[in-house]
Protein chains: 4
Amino acid sequence: MSGVNKVILIGHLGKDPEVRHLDGNVSVASFPLATSESYNKDGKRIEQTEWHNIVMWRGLADVAAKYLQKGKLVYIEGKLRTRSFEDKEGHKKYSTEIVAENFTLLGRKTDFEPNNNSASSSTAAEPSAEANKNLGTGEFGKDEDERDLPF
Amino acid sequence: MSGVNKVILIGHLGKDPEVRHLDGNVSVASFPLATSESYNKDGKRIEQTEWHNIVMWRGLADVAAKYLQKGKLVYIEGKLRTRSFEDKEGHKKYSTEIVAENFTLLGRKTDFEPNNNSASSSTAAEPSAEANKNLGTGEFGKDEDERDLPF
Amino acid sequence: MSGVNKVILIGHLGKDPEVRHLDGNVSVASFPLATSESYNKDGKRIEQTEWHNIVMWRGLADVAAKYLQKGKLVYIEGKLRTRSFEDKEGHKKYSTEIVAENFTLLGRKTDFEPNNNSASSSTAAEPSAEANKNLGTGEFGKDEDERDLPF
Amino acid sequence: MSGVNKVILIGHLGKDPEVRHLDGNVSVASFPLATSESYNKDGKRIEQTEWHNIVMWRGLADVAAKYLQKGKLVYIEGKLRTRSFEDKEGHKKYSTEIVAENFTLLGRKTDFEPNNNSASSSTAAEPSAEANKNLGTGEFGKDEDERDLPF
DNA sequence: TTTT
DNA sequence: TTTT
């Protein structure tokens with residue numbers, strides 16, 4: 001018997017993805033994602049931010065390492081998983097993570113450049129009055145194919 | 001700035017909802033929900049169950065108290081919220097909950113009876129070879145209206 | 001540039017799936033699905049039914065042919081696709097379909113039997129006061145593996 | 001009995017919203033939305049665009065008229081509805097629409113300015129190397145409150 | 001054309 | 001702690 005366990009988030013990365021390599025060359029990327037909600041209370045605009053622990057595996061982790069960076073806006077689809085572990089003092093703790101199944105970059109075209117040339121990319125952007133047309137999305141993780149030029 | 005924080009679950013209640021009443025007569029219902037996923041590993045069928053802490057507020061909590069019970073199958077839509085608290089020993093802990101925004105009962109018609117007559121409902125059901133036709137869904141929480149006869 | 005195009009439905013099949021086999025042995029299954037919404041208007045309970053054209057391809061079509069039948073309750077995840085075509089009189093028409101990516105059977109265990117023994121299944125059910133415990137879900141389409149015993 | 005009928009889209013507006021006012025001062029906004037999907041076929045990058053007819057009612061239509069414009073990137077949540085009608089020649093036709101329940105603007109902060117000053121906004125943007133920080137989202141339609149300054 |  |  002099976003069920004449904006689905007999470008859909010749109011938010012900004014709080015940090016660059018941290019990538020580890022496990023046995024058998026398996027990649028795991030993880031990073032915090034902030035989703036913000038704003039509402040009115042007593043006439044004031046309140047903004048409430050929720051932080052999520054995102055985890056990506058294998059091919060998806062590799063694309064994340066390449067295209068995701070602190071501050072970027074991203075759509076993530078995944079599932080909830082709660083792990084239990086003991087901290088250094090031996091106390092049992094729980095951590096709930098979102099295991100991502102695919103993601104889509106949201107934002108301007110210039111946000112979709114790979115990370116390695118991050119120094120130059122900030123100057124390469126050259127945004128102009130035309131930048132408005134460059135809004136778009138880059139989708140990852142639906143297929144398992146290698147995609148070096150995903151958009 | 002706002003984002004998207006959405007969870008969609010289909011699973012079974014692990015316990016009856018526990019309902020508390022806060023100041024100002026605000027109801028809060030909470031219960032664990034199991035979503036199961038099964039997959040093949042080395043030719044064996046593995047079933048993995050994930051447990052979620054569901055929280056419902058106000059009107060939704062009242063309907064939950066009335067219609068949800070341990071074992072029932074339910075569709076839940078909500079958002080993630082992580083609270084931090086200190087346990088009895090003063091250690092900081094985190095708890096991630098799904099704050100439900102609406103739910104839909106899935107299952108047979110006889111599952112949609114209110115909870116108070118649970119003793120009689122088990123006999124009132126009179127399931128037969130025709131029971132197959134009684135599968136259906138009962139939806140809650142989309143409107144804020146009082147719904148004493150929601151289906 | 002990519003985007004998000006996602007549909008989530010829970011409803012009943014209006015007919016048995018119709019399966020065709022295209023060139024290269026590609027299977028396509030299609031069937032109508034009803035999702036019902038009920039609300040109060042002027043003190044009366046109104047039920048509004050929406051019909052969706054569901055299409056499933058390849059492996060998913062084969063599992064659909066095996067496990068889905070008129071009347072069954074199912075969770076479907078997919079994407080929207082609008083096709084244009086000319087009817088017999090040469091008038092241009094549009095048809096919007098949901099191309100399913102995975103589905104999960106909702107209902108009692110006895111609903112999860114393959115279709116070929118449909119005659120016997122109606123008597124094999126033997127529902128009792130215990131039948132309540134038999135609610136569950138059977139998930140399909142997440143992996144591309146052959147699954148002859150999917151639950 | 002009720003079910004689930006949910007659509008989640010992220011895409012660009014193909015035109016400015018067209019707003020009509022029905023009897024009783026009810027607003028209806030409608031516009032086409034493009035969601036694009038790209039995949040590799042025979043080593044070539046194929047981009048396939050799907051067009052959706054979006055409809056928004058009442059308060060949501062008013063916010064749409066104010067903040068949505070041709071080209072903007074938006075997250076939309078809603079439900080499917082298929083209407084039948086007769087064209088001028090008396091032929092029966094079907095139109096499937098997404099009735100939006102809420103939406104969130106995605107893109108740069110400068111995209112979140114109201115529509116009336118569209119001429120100046122293109123110059124007011126003054127994007128810079130810092131523009132990267134201005135990515136964000138503005139959410140609408142969750143509450144029914146008036147929101148003149150929604151972010 | 002489903003389901004209640 | 002559910003369900004199969």
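Below, read A as the first sequence line, B as the second, and so on, with proteins coming before strands; counting in each chain starts at 1.
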Using the test ring-ring contact (aromatic ring centres under 6.0 Å, His included), find all partners of C:Phe103 that sit at least two apart in sequence or belong to another chain.
-> C:Phe140

Rounded distance (Å) that lies between atom P of E:dT1 and atom CG of C:Leu9 | 21 Å

Heavy-atom neighbours of C:Asn25 CG exceed 12 at 6.0 Å | no

In whole Å, what is the span from the CD atom of C:Glu47 to the P atom of E:dT3?
-> 12 Å

When the distance from CD1 of C:Ile10 to C1' of E:dT3 is rounded to whole Å, what number comes out?
-> 13 Å

In whole angstrom, give the distance that lies between atom OH of C:Tyr75 and atom P of E:dT3.
-> 22 Å

Indicate, with a heavy-atom threshold strictly under 4.0 Å, whether C:Thr35 touches base, sugar-phosphate, or nothing.
-> nothing

Flag as yes if C:Trp51 stacks onto the base of E:dT1 (centroids under 5.5 Å, planes under 30°), otherwise no.
-> yes

Would you check if there is a donor-acceptor pair between the side chains of C:Glu37 and C:Tyr39 at a distance under 3.5 Å?
-> no

For B:Gln69 and F:dT2, give me the distance from atom CD to atom P, rounded to whole Å.
-> 14 Å

C:Lys15 side chain, from C-beta outward: closest of E:dT2, F:dT1, E:dT1 | E:dT1

Could you check how far CD of C:Gln48 sits from P of E:dT1, rounded to whole Å?
-> 19 Å

Would you kindly give the CG-to-P distance between C:Leu33 and E:dT3, to the nearest whole Å?
-> 12 Å

To the nearest Å, give me how far apart CG (C:Leu68) and P (E:dT2) are.
-> 16 Å

With sequence neighbours excluded, tell me which residues meet side chain to side chain donor-acceptor pair (under 3.5 Å) with A:Glu97.
-> A:Arg81, A:Arg83

Of the candidates E:dT1, F:dT2, E:dT2, the side chain of B:His12 sits closest to F:dT2

When you measure from the side chain of C:Ser36, which nucleotide among E:dT1, F:dT2, E:dT3 comes out closest?
-> E:dT3

